[in-house]
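A quick note: this is a predicted structure, and the numbers were derived from the prediction, not measured.
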Amino acid sequence: QKEVEQNSGPLSVPEGAIASLNCTYSDRGSQSFFWYRQYSGKSPELIMFIYSNGDKEDGRFTAQLNKASQYVSLLIRDSQPSDSATYLCAVRTGKLIFGQGTELSVKP
Amino acid sequence: SAVISQKPSRDICQRGTSLTIQCQVDSQVTMMFWYRQQPGQSLTLIATANQGSEATYESGFVIDKFPISRPNLTFSTLTVSNMSPEDSSIYLCSVERGNYNEQFFGPGTRLTVL
């Protein structure tokens, strides 16, 4: 079992819809959780982090954490074509472990 | 966040040669990290570099292949030695900032080995 798992996608949503990106992790001792956005040919950019159960909102982005289910998600409301990128989930268990990433495509 | 620069941004190298990648941060940090991202893959941690001590390498990475220097609190280098085409990757440095040790990445070095 991989330590951090994401669906590779691609996930395709129409412009204006909600994009839902999911991530599961194996280590129950994980302490903090991060979402990065990576445009093609660019380096990862931190967009959200969360460390306690529940929701955390920042603009159009909401991160959700459920430690009992070992599940973290990222919701993007009112998706825009500029949101098209690969989204990487990262989990801190001592060091930072990255998932494989989910490719998101927002169609105009 | 952090302002991180890397040099070179990209290079094409011949098999058997070595390349040194530089990473410069805008302010002092305790640890710097080096990652590799192979084509179509996620990020894999190569090593953690602390100033004044030997770098700590992850499983599968060795100092002879990836020597690291950390001469001060704002600078580090990663050398990719005796390169083969399998070393073709993006190499990224990163630093931690903030209360939850958020990690921020440099722009990366795109290496192609022929």
Side-chain angles (χ1 to χ4, degrees), chain A residues 2-10 21-27 29-54 56 58 61 63 65 67 72 74 85-104, chain B residues 1-10 21-25 29-50 55-61 78 88-112:
Chain A
K2 291 182 181 177
E3 294 180 86
V4 179
E5 292 204 55
Q6 298 179 254
N7 290 327
S8 60
L21 303 159
N22 305 316
C23 174
T24 58
Y25 59 94
S26 60
D27 188 340
S30 300
Q31 300 160 332
S32 47
F33 308 84
F34 304 84
W35 283 100
Y36 288 84
R37 177 176 62 199
Q38 187 173 26
Y39 291 114
S40 180
K42 301 295 186 182
S43 65
E45 172 193 9
L46 180 65
I47 54 172
M48 289 285 289
F49 69 93
I50 188 167
Y51 50 87
S52 57
N53 277 327
K56 179 182 178 182
D58 183 1
F61 299 100
L65 175 61
K67 289 187 177 180
V72 59
L74 179 70
T86 297
Y87 289 80
L88 298 166
C89 171
V91 175
R92 182 174 299 283
T93 54
K95 64 182 180 182
L96 204 57
I97 307 295
F98 285 83
Q100 289 292 105
T102 298
E103 182 183 350
L104 172 65
Chain B
S1 63
V3 178
I4 306 170
S5 61
Q6 282 186 238
K7 284 196 263 188
S9 58
R10 58 178 61 230
I21 301 167
Q22 299 179 7
C23 180
Q24 179 77 49
V25 190
V29 291
T30 303
M31 293 190 288
M32 296 178 76
F33 305 87
W34 288 99
Y35 287 82
R36 181 174 73 183
Q37 187 173 30
Q38 294 180 302
Q41 302 295 314
S42 190
L43 281 73
T44 301
L45 181 63
I46 297 171
T48 302
N50 289 320
T56 302
Y57 289 84
E58 297 299 311
S59 175
F61 297 97
L78 169 76
S88 297
S89 286
I90 299 172
Y91 292 85
L92 296 146
C93 70
S94 72
V95 301
E96 288 181 338
R97 292 267 170 84
N99 294 332
Y100 292 92
N101 292 329
E102 302 95 284
Q103 224 169 87
F104 300 94
F105 288 86
T109 296
R110 184 179 296 271
L111 171 62
T112 301

> Can you tell me how far the OG1 atom of B:T44 sits from the CD1 atom of A:I97, to the nearest 0.5 Å?
Replying inline: 9.0 Å
> Can you name the residues of residues 29-39 of chain B that have some heavy atom under 4.5 Å away from a heavy atom in chain A?
Replying inline: B:Y35, B:Q37
>> Let me confirm one number: the NZ-CG distance from A:K95 to B:N101, rounded to the nearest 0.5 Å.
In response: 16.0 Å
> Do A:V4 and B:S42 come within less than 4.5 Å of each other through their side chains, counting heavy atoms only?
Replying inline: no
> Atom OH in A:Y36, atom CD in B:E102: separation rounded to 0.5 Å?
Replying inline: 8.0 Å
>> Is B:L92 close to chain A through its backbone or its side chain, or both, or neither, when contacts mean heavy atoms under 4.5 Å?
In response: side chain
>> Given heavy-atom pairs under 4.5 angstrom as the criterion, report whether the side chain, backbone, both or neither of A:L46 touches chain B.
In response: side chain
>> Would the distance check show the side chain of A:S43 and the main-chain N or O of B:G106 forming a donor-acceptor pair, the cut-off being under 3.5 Å?
In response: yes
> Side chain, backbone, both or neither: which part of A:Q38 has a heavy atom under 4.5 Å from chain B?
Replying inline: side chain
> OH/A:Y51 to OH/B:Y100 distance, rounded to the nearest 0.5 angstrom?
Replying inline: 3.5 Å
> When you look at CG of A:N22, are more than 12 heavy atoms from neighbouring residues, nucleotides or ligands closer to it than 6.0 Å?
Replying inline: yes
